[in-house]
Amino acid sequence: SLLQPSLHSKKKTTAKKQTLSCSVKYMVCFMFSVKSETEKFVEEELCNISMPEMMGKEGRFQYTITDVKITELILAHAELQFIPDVGLLFDIQNSSISLSFHRQILYWFFYDTGNINASAEGVNINTAVNLIRDHEGRLKINNITCDAKINRMRAKFSGTLGKVYDFVAKFLTTGMRFFLNQRICPALNHAALVHVNSLLETIPVRTEVDNYIGIDYSLIEDPVVTSRSLDMHFRGMFFDLSHQNLTLVNYAVDPIIREYDRMVYLALSEFFFDSGMFSYYTAGIFQMDIVNEKMPKDLEMLLRTTYFGTIMITNPALVDAPLALQLAVNSPPKTTIKTSGATVFMTAIVKVMLLPPGQPAVQLSSMTLVAKFNAKVSMKGKRLAVHADLRSAPVYLQLIPLQAPLKTMLQMSVVPLINNWTKRGVRIPLADGMDFVEEVVEYHNGFIVIGANLHFSKGLREMIDQFIT
């Protein structure tokens, strides 16, 4: 019941090709980890079952049963597994339930009251959960098929006439077993369709990343369940908050997950990162002015020496006016992912400006800058981050003497600005209380794959209660 996403290796349709950029695959070992949480959740749901007051008469016996409470689910055999093309199966076999209730019994002229400890034995519960994509693109439990059966019940009386009443226990336990059989599946149905779906609704589908861009994590199709994994395909596309309908066409290859060793795998194509760069570009943040204290002294000296002749021809009186560089990216940056790593290719227009006080700015030169940034992808908790670095990457400028100092300036001024936007990271679609641990990032041609295990900082019941209370 704690599902989430991945990639399936079936043939892609044209529509899917234009939207898929993020896949998540939950493996069989994930089921081993989540089984204990599922067992605790099922036990808690069964303990919340309310039973009606039972009254009856058998010969000289009249009885009333109240305050029925399930105290414990003792699992002899429980299994959580994937069901291909359906969803999840949680199967309990040959287990037992401990319960207690209060009795009031009248036999001839004798009246007795007290508590009874009972046990339901041979408890078999078979629950299959069907997963779909809802109209908002969110993961949802669509249907649950449940079959529950209790083979027998035993009750032990206490009190003054305990031994005398042992023989009447079969009348009480028969009715008790009937009511329990009738209430187990409705309780589990309500838990899945109401409580777990409420938790799934907290996972962000379309949300803001910062003040400029947001991300769309909607599912593009129903989850695909195989015998080995649960696969979900997400749109995985960023968007400009001020121009949400302005999107980038996806020409990237679909990510493929072939690994099976870890609990979960997250695959991201080049389009995932390109859509982020495109959204920042359309938001207009890839431009800046390098002036005054932002201008390195050695770069200012080089600019003033290089353009001294131009300044003298333009107006000798401006020879001491402050200099500035205006950088404006002129096309969306492009991401390339190979087995050797990830790079971001960027072109920008660099203008050398003269800023005479109280007068209009004077353009001395306009050049095209071509830069290639190295990008390192990392994952921490449930946030994906990218760190850019220019130190070992090439920078090309039409004015060759300016290449080296401009590269140094970019590494000192522009790269920290970019990393400031990306260091916060973007949240991946995981519920609160679940985090990635022991992450490993692998680079492939056209996409990256992040393998990780999952850490549960909260129990499933605690995760649900924080949103429904």
Side-chain angles (χ1 to χ4, degrees), residues 12 16-23 209-210 212-216 234-241 243-256 266-288 327-350 367-378 384-398 403 406-407 410-411 413-423 425-426 441-450:
K12 311 296 187 297
K16 181 176 177 181
K17 177 67 176 178
Q18 295 177 345
T19 54
L20 168 65
S21 76
C22 174
S23 293
V209 175
D210 52 31
Y212 303 99
I213 68 173
I215 188 167
D216 185 344
F234 296 93
R235 192 173 304 280
M237 181 179 68
F238 294 88
F239 55 88
D240 179 359
L241 293 177
H243 303 90
Q244 297 194 18
N245 293 325
L246 186 59
T247 58
L248 186 66
V249 177
N250 182 6
Y251 294 111
V253 299
D254 287 348
I256 300 175
L266 171 68
L268 303 168
S269 75
E270 291 175 345
F271 176 77
F272 178 86
F273 302 98
D274 283 347
S275 68
M277 295 294 180
F278 176 81
S279 300
Y280 275 132
Y281 172 76
T282 58
I285 68 169
F286 285 149
Q287 49 187 321
M288 66 182 302
L327 276 77
V329 176
N330 59 350
S331 63
K334 178 70 176 68
T335 305
T336 300
I337 302 175
K338 296 182 178 180
T339 55
S340 56
T343 57
V344 179
F345 180 82
M346 181 196 75
T347 62
I349 300 300
V350 180
M367 298 170 286
T368 299
L369 169 72
V370 178
K372 184 183 291 185
F373 295 85
N374 294 321
K376 182 179 180 181
V377 179
S378 62
L384 178 78
V386 178
H387 180 81
D389 191 355
L390 192 63
R391 284 172 294 186
S392 59
V395 171
Y396 304 101
L397 193 67
Q398 288 168 315
Q403 283 186 175
L406 191 58
K407 177 180 178 178
L410 290 174
Q411 180 64 36
S413 302
V414 178
V415 172
L417 180 64
I418 294 174
N419 287 333
N420 186 57
W421 293 324
T422 61
K423 70 180 180 182
V426 58
V441 181
E442 294 184 355
Y443 295 85
H444 301 265
N445 290 326
F447 60 94
I448 67 168
V449 174
I450 302 173

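- The two residues Gly236 and Ser21 have their closest heavy-atom pair at O-OG, 2.5 Å.
- Taken from CD1 in Ile349 to CG in Leu369, the straight-line distance is 9.0 Å, to the nearest 0.5 Å.
- Distance check: Asn330 CG to Tyr281 OH gives 6.5 Å after rounding to the nearest 0.5 Å.
- Residue Thr247 holds its OG1 atom at 9.0 Å from CZ of Arg235, rounded to the nearest 0.5 Å.
- For the atom pair Asp210 CG and Ser279 OG, the distance stands at 10.0 Å (nearest 0.5 Å).
- Atom OG1 of residue Thr282 and atom CE of residue Met277 lie 13.0 Å apart, to the nearest 0.5 angstrom.
- Contact of the Tyr212 side chain with the Tyr280 side chain is registered, since non-hydrogen atoms from C-beta on lie closer than 4.5 Å.
- Here the closest non-hydrogen pair linking Val386 and Phe273 is CG2-CE2, 3.9 Å.
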Under 3.5 Å, which donor-acceptor pairs do the side chains of residues 332-342 form with other protein atoms, sequence neighbours left out?
| unit_1 | atom_1 | unit_2 | atom_2 | d |
| --- | --- | --- | --- | --- |
| Lys334 | NZ | Asp274 | OD2 | 3.2 |
| Thr335 | OG1 | Asp274 | OD1 | 2.9 |

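- Contact between Phe271 and Asn250 at its shortest, heavy atoms only, is CB-OD1, 3.2 Å.
- At least one side-chain heavy atom of Phe345 sits under 4.5 Å from a side-chain heavy atom of Val370.
- With a 4.5 Å cut-off on side-chain heavy atoms, Cys22 and Leu266 count as touching.
- Contact of the Leu384 side chain with the Phe272 side chain is registered, since non-hydrogen atoms from C-beta on lie closer than 4.5 Å.
- Across Ser275 and Met237, no two heavy atoms sit closer than the pair OG-CA, 3.7 Å.
- Taking 4.5 Å as the limit, every side-chain heavy atom of Leu246 sits out of range of all side-chain heavy atoms of Asp240.
- With sequence neighbours left out, the side-chain hydrogen bond (donor to acceptor under 3.5 Å, both in side chains) criterion links Gln244 to Arg206.
- Residues Asn445 and Val253 come closest through the heavy atom pair O-CG2, 4.0 Å.
- Here the NE2-CD1 distance, from His243 to Ile213, works out to 14.5 Å after rounding to the nearest 0.5 Å.
- The nearest pair of heavy atoms linking Ile256 to Phe447 is O-CE1, 3.2 Å.
- For Thr343 (side chain) and Lys372 (main-chain N/O), no donor-acceptor pair under 3.5 Å exists by modelled atom type.
- Taking the side chain as every heavy atom from C-beta outward, Asp389 and Lys376 never approach each other to under 4.5 Å.
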